[in-house]
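Quick note on labels: first sequence line is chain A, next is B, and so on, each numbered from 1. Here the structure is a predicted model, which is why all the values come from computation and not from measurement.
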Amino acid sequence: MTKIINVIKGTKDILPQDVASWQRMEKIALEVFSKYGYKEIRTPIFEATELFARGVGDTTDIVNKEMYTFEKSDRSLTLRPENTAGVVRSFIENGMARLSPPVKLWYKGPMFRYERPQAGRQRQFHQVGVEMFGVKQPTADAEVILLAVNYLKALGLNDLEVEINSLGCPKCREAYKAKIKEVLKPEFDNLCEDCQNRYEKNPLRLLDCKVDSCKEIFAKPEIQKVIQSDFICEECAEHYRAVKSYLDVLRIKYVENKLLVRGLDYYNRTVFEIKSNNLGSQNAVCGGGRYDSLVRNLGGDDTPAVGWAMGMERLNSLLPLVETQKLDAYIVSNSPSDAFALAEELRAAGKTVEFDLTNKKFTKQLEKAGKAADFALILGEDEIKSGTVSVKNLKTSEQITVKKCEALNKI
RNA sequence: GCGGAUAUCGUCAAGCGGUUAAGACCUCGGAUUGUGGUUCCGAUAUGCGUGGGUUCGAGUCCCACUAUCCGCCCCA
């Protein structure tokens with residue numbers, strides 16, 4: 001036997017029986033985001049490697065070890081591991097800074113990260129996300145969080161937990177980093193290897209370490225005091241308070257989590273996650289925040305921005321099953337040409353219709369009709385002769401014979 | 001990159017060293033040449049992830065590899 005070829009590790013087919021749910025997620029995204037004035041943008045699936053190195057940040061795991069990078073014509077190209085960098089690139093390149101702000105965009109599509117697959121994590125996965133450019137006020141943060149919550153609500157998910165935090169601006173963050181380093185210095189040798197690396201590179205990320213021994217260290221009162229301290233400057237604090245007050249007005253429940261640190265380097269001030277208890281250890285459905293310096297870092301004019309992304313596979317696993325649609329009618333006939341004609345007529349009128357292309361026996365066709373549709377349209381010799389069709393309701397077994405042209409109104 | 005588990009038909013599985021690898025679902029055919037969903041009968045793995053080994057004998061025991069799942073890390 002010839003060897004069969006399997007899907008690549010960490011990738012999955014989205015099979016016909018699951019597609020209805022995906023189409024629903026996409027349709028509701030369009031509906032909800034449109035109400036707030038967000039327009040869909042579709043950017044390429046691969047970009048210059050440098051875009052992600054500069055955009056996402058070269059101290060991140062994503063850039064360091066998770067990118068699918070390849071060379072072509074002396075260029076280094078990378079399959080997008082996330083879409084914010086691509087959207088920002090497009091924003092700059094297409095002069096969207098000249099549009100009247102805010103510029104509100106949303107996207108959906110596949111992303112690629114070379115990681116060990118597990119529950120809720122694939123190498124090719126899909127994200128839906130929004131980005132808003134040009135508003136530095138906390139209203140933007142609030143609107144974007146509102147949008148995430150309302151999208152989830154529209155999908156039927158009401159009870160997910162929103163966690164928020166403020167990372168402050170680069171200035172106040174430096175001071176905070178210094179304080180964390182100072183208080184952890186005596187414990188340095190007891191930290192795990194990863195944390196020891198983070199200590200220099202990005203001390204903020206020490207805080208969401210999951211190693212038990214590190215957690216114990218962070219739990220110490222004198223260290224907690226520093227972690228819990230309000231390190232952010234007055235301007236950032238005011239921004240953060242305003243975001244929270246808007247969320248209160250919008251009746252969006254949230255939990256403040258000082259340990260919430262996004263793994264991407266571009267965030268400042270507001271960061272947030274939406275989590276579910278039903279996802280196992282990969283429990284974040286949505287992650288996002290403000291990234292006021294990214295546009296400038298990628299060569300554009302200084303433009304404040306805020307956005308988020310959701311993992312569609314994770315989202316999908318929280319959603320109830322969507323049943324695949326039955327046909328409106330199944331034509332039972334041993335005359336393919338008559339069946340073709342009737343089917344086309346009904347399809348032109350918007351109905352979903354099939355008939356047996358293999359011309360099986362009558363009973364087999366009816367059996368198939370029972371599984372595939374709510375109505376059977378019987379087009380036998382008698383009916384064909386008299387220009388009629390028998391319409392059988394397959395649930396109630398009631399059957400009537402009508403003129404062919406009236407069949408449309410009976411199904 | 002590091003741990004743990006699993007691998008028998010399209011799917012879910014039984015099998016615990018001894019003839020021909022249960023069963024269920026799905027699919028297909030028949031009972032039924034114009035009336036289905038219930039019922040009955042029949043068909044469908046020369047083969048147990050791959051390669052070695054132990055044994056008179058291996059799906060079953062051992063080793064290696066591969067794949068998948070789960071956890072760490074990281075993230076959506």
*Asks:* Pick base, sugar-phosphate or nothing for A:G380, based on heavy-atom distances below 4.0 Å to the nucleic acid.
*Replies:* base
*Asks:* Answer yes if the ring centres of A:F46 and A:Y68 are under 6.0 angstrom apart, and no otherwise.
*Replies:*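 No.
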*Asks:* Work out how far the C1' atom of B:G49 is from that of B:A45, and round it to whole angstrom.
*Replies:*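 Their C1' atoms lie roughly 14 Å apart.
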*Asks:* Quick test of your reading of the model: are A:K27 and A:E31 salt-bridged, counting only N-O distances below 4.0 Å?
*Replies:* yes
*Asks:* Please determine, by modelled atom types, if A:E256 and A:Y240 share a side-chain donor-acceptor pair under 3.5 angstrom.
*Replies:*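 Yes, side-chain donor-acceptor contact under 3.5 Å.
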*Asks:* Any luck finding a side-chain donor-acceptor pair between A:S335 and A:S333 under 3.5 Å?
*Replies:*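 No - no donor-acceptor pair under 3.5 Å links their side chains.
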*Asks:* I need the CG-P distance between A:L366 and B:U32, as an integer number of Å.
*Replies:* 17 Å
*Asks:* Who is the Watson-Crick or G-U wobble partner of B:U11, with both distances under 3.5 Å?
*Replies:*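 In the structure as shown, B:U11 has B:A24 as its Watson-Crick or wobble partner.
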*Asks:* Which whole number of Å gives the distance between the C1' atom of B:U6 and that of B:C41?
*Replies:* 38 Å
*Asks:* Touch check for A:L315, heavy atoms < 4.0 angstrom, all strands: base, sugar-phosphate only, or nothing?
*Replies:* nothing
*Asks:* Any non-hydrogen side-chain atom of A:V87 less than 4.5 Å from a side-chain atom of A:E82?
*Replies:* no
*Asks:* Does B:U35 pair with anything, Watson-Crick or G-U wobble, both distances under 3.5 Å, and if so, with which nucleotide?
*Replies:*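 The base-pairing partner of B:U35, which may sit in any strand shown, does not exist here.
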*Asks:* Contact between A:V332 and A:L377 at the side-chain level, heavy atoms closer than 4.5 Å - yes or no?
*Replies:* no
*Asks:* Identify, between A:L279 and A:E383, the residue whose nearest nucleotide on RNA chain B lies closer to the 5' end.
*Replies:* A:E383
*Asks:* With a 4.0 Å limit, can you tell me whether A:K9 has a side-chain N or O closer than that to the phosphate oxygens OP1/OP2 of B:U68?
*Replies:*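 Checking A:K9 against B:U68: at least one side-chain N or O falls below 4.0 Å of OP1 or OP2.
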*Asks:* Compare the minimum distances between each of B:G36, B:G30, B:G34 and the side chain of A:L394, then state the nucleotide with the smallest one.
*Replies:* B:G36
*Asks:* Look at all strands and tell whether A:K361 reaches a base, only sugar-phosphate, or nothing, counting heavy atoms closer than 4.0 Å.
*Replies:*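 Sugar-phosphate, no base atom in range.
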*Asks:* Looking for any heavy atom pair under 4.0 Å, which part of the strands does A:E381 touch: base, sugar-phosphate only, or nothing?
*Replies:* base
*Asks:* Please pick, from B:G30, B:C75, B:C69, the nucleotide with the shortest atom-to-atom distance to any side-chain atom of A:K364.
*Replies:* B:G30
*Asks:* Pairing check on B:C2: which nucleotide meets the Watson-Crick or G-U wobble criteria with it, both distances under 3.5 Å?
*Replies:* B:G71
*Asks:* If I pick the C1' atom on B:G57 and the same atom on B:G17, what distance separates them, to the nearest angstrom?
*Replies:* 8 Å
*Asks:* I need the CG-C1' distance between A:L377 and B:G36, as an integer number of Å.
*Replies:* 15 Å
*Asks:* Provide the Watson-Crick or G-U wobble partner of B:G17, both distances under 3.5 Å; none if there is no partner.
*Replies:*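 The answer is none; no pair meets the criterion.
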*Asks:* Where do A:K361 and A:T363 land on the side-chain hydrogen bond (donor to acceptor under 3.5 Å, both in side chains) test, with the steps shown first?
*Replies:* CA-CA 6 Å; A:K361 281 189 201 164; A:T363 49; over 6 Å; no
*Asks:* B:C2, B:G37, B:C75: which one has an atom nearest the side-chain heavy atoms of A:Q282?
*Replies:* B:C75
*Asks:* Without decimals, in angstroms, what is the distance between A:M111 CE and B:A76 P?
*Replies:* 11 Å
*Asks:* Between B:U35, B:C72, B:C75, which nucleotide has the shortest distance from any of its atoms to the side chain of A:K392?
*Replies:*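 Taking heavy atoms from C-beta onward, the closest nucleotide is B:U35.
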*Asks:* Just checking A:T60: base, sugar-phosphate only, or nothing, at a heavy-atom cut-off of under 4.0 Å?
*Replies:*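 Counting heavy atoms under 4.0 Å across all strands, no contact is made by A:T60.
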*Asks:* Enumerate the residue pairs fulfilling side chain to side chain donor-acceptor pair (under 3.5 Å) with a member in residues 140-151 of chain A, sequence neighbours excluded, ordered by first and then second residue.
*Replies:* A:Y36-A:N150, A:Y38-A:E143, A:K104-A:E143, A:D141-A:H239, A:D141-A:T270, A:D141-A:R290
*Asks:* Under 4.0 angstrom, heavy atoms only, what part of the nucleic acid is A:K275 near: base, sugar-phosphate, or nothing?
*Replies:*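 Answer is nothing: A:K275 stays at 4.0 Å or more from every strand.
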*Asks:* Determine the interatomic distance between P on B:G51 and the same-named atom on B:A67; round to the nearest Å.
*Replies:*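 Their P atoms lie roughly 16 Å apart.
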*Asks:* Rounded to whole Å, how long is the line connecting atom CZ of A:R121 with atom C1' of B:G1?
*Replies:*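 That distance rounds to 12 Å.
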*Asks:* Nearest whole Å is fine: how far is B:G71 P from A:E115 CD?
*Replies:*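 Result: 14 Å.
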*Asks:* Could you check how far CG of A:D338 sits from P of B:G34, rounded to whole Å?
*Replies:* 16 Å
*Asks:* Remember a base hit wins even if backbone is also touched, and classify A:A309 as base, sugar-phosphate or nothing at under 4.0 Å, heavy atoms.
*Replies:* sugar-phosphate
*Asks:* Write down the partner of B:C65 under the Watson-Crick or G-U wobble criteria, each distance required to be under 3.5 Å.
*Replies:* B:G49
*Asks:* Rounded to whole Å, how long is the line connecting atom CZ of A:F125 with atom P of B:A76?
*Replies:* 8 Å
*Asks:* Applying a 4.0 Å non-hydrogen cut-off, can you work out what A:G120 is touching in the nucleic acid: base, sugar-phosphate, or nothing?
*Replies:*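 Answer is base: heavy atoms of A:G120 come under 4.0 Å of a base.
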*Asks:* Can you check the distance between B:C12 and B:C65, where both ends of the measurement are the C1' atom (answer in whole Å)?
*Replies:* 28 Å
*Asks:* Remember a base hit wins even if backbone is also touched, and classify A:E273 as base, sugar-phosphate or nothing at under 4.0 Å, heavy atoms.
*Replies:* nothing
*Asks:* I want to verify a distance call: between B:U35, B:U68, B:G29, whose nearest atom is closest to the A:K360 side chain?
*Replies:*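 Nearest listed nucleotide: B:G29.
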*Asks:* Between B:U27 and B:G59, how far apart are the C1' atoms? Round to whole Å, please.
*Replies:*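 The same atom, C1', in both gives a distance of 26 Å.
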*Asks:* Give none if B:G59 has no partner; otherwise give the nucleotide forming a Watson-Crick or G-U wobble pair with it, both distances under 3.5 Å.
*Replies:* none
*Asks:* State whether the distance check finds a donor on one side and an acceptor on the other, under 3.5 Å, for side chain A:S397 versus base B:G36.
*Replies:*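 Such a pair is found, so the answer is yes.
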*Asks:* Under 4.0 Å, heavy atoms only, any strand: does A:K65 hit a base, just the sugar-phosphate, or nothing?
*Replies:*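 No contact.
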*Asks:* Within the distance-only criterion (no hydrogens, no angle test), does the side chain of A:E161 pair as donor or acceptor with the backbone N or O of A:S276 below 3.5 angstrom?
*Replies:*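 Answer holds: no.
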*Asks:* For A:F362 and B:G30, give me the distance from atom CZ to atom C1', rounded to whole Å.
*Replies:*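 Roughly 18 Å, once rounded to whole Å.
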*Asks:* Tell me which of A:E82 and A:E367 sits closer to the 5' end of RNA chain B, going by the nucleotide each one is nearest to.
*Replies:*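 That would be A:E367.
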*Asks:* Of the nucleotides B:C69, B:G1, B:A76, which has the atom closest to the A:R116 side chain?
*Replies:*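 When the side chain of A:R116 is considered, B:G1 is the closest of B:C69, B:G1, B:A76.
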*Asks:* Between A:Q118 and B:G71, is there a side-chain N or O to OP1/OP2 distance below 4.0 Å?
*Replies:*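 For B:G71, OP1 or OP2 has a side-chain N or O of A:Q118 closer than 4.0 Å.
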*Asks:* I'd like the P distance from B:A7 over to B:A13, given in whole Å.
*Replies:*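 Those two atoms are separated by 10 Å.
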*Asks:* For nucleotides B:U39 and B:C26, find the distance between their P atoms and express it as a whole number of Å.
*Replies:*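 One P to the other, the span is 10 Å.
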*Asks:* Can you identify which nucleotide, out of B:G34, B:C75, B:G71, has its nearest atom closest to the A:D382 side chain?
*Replies:*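 It is B:G34.
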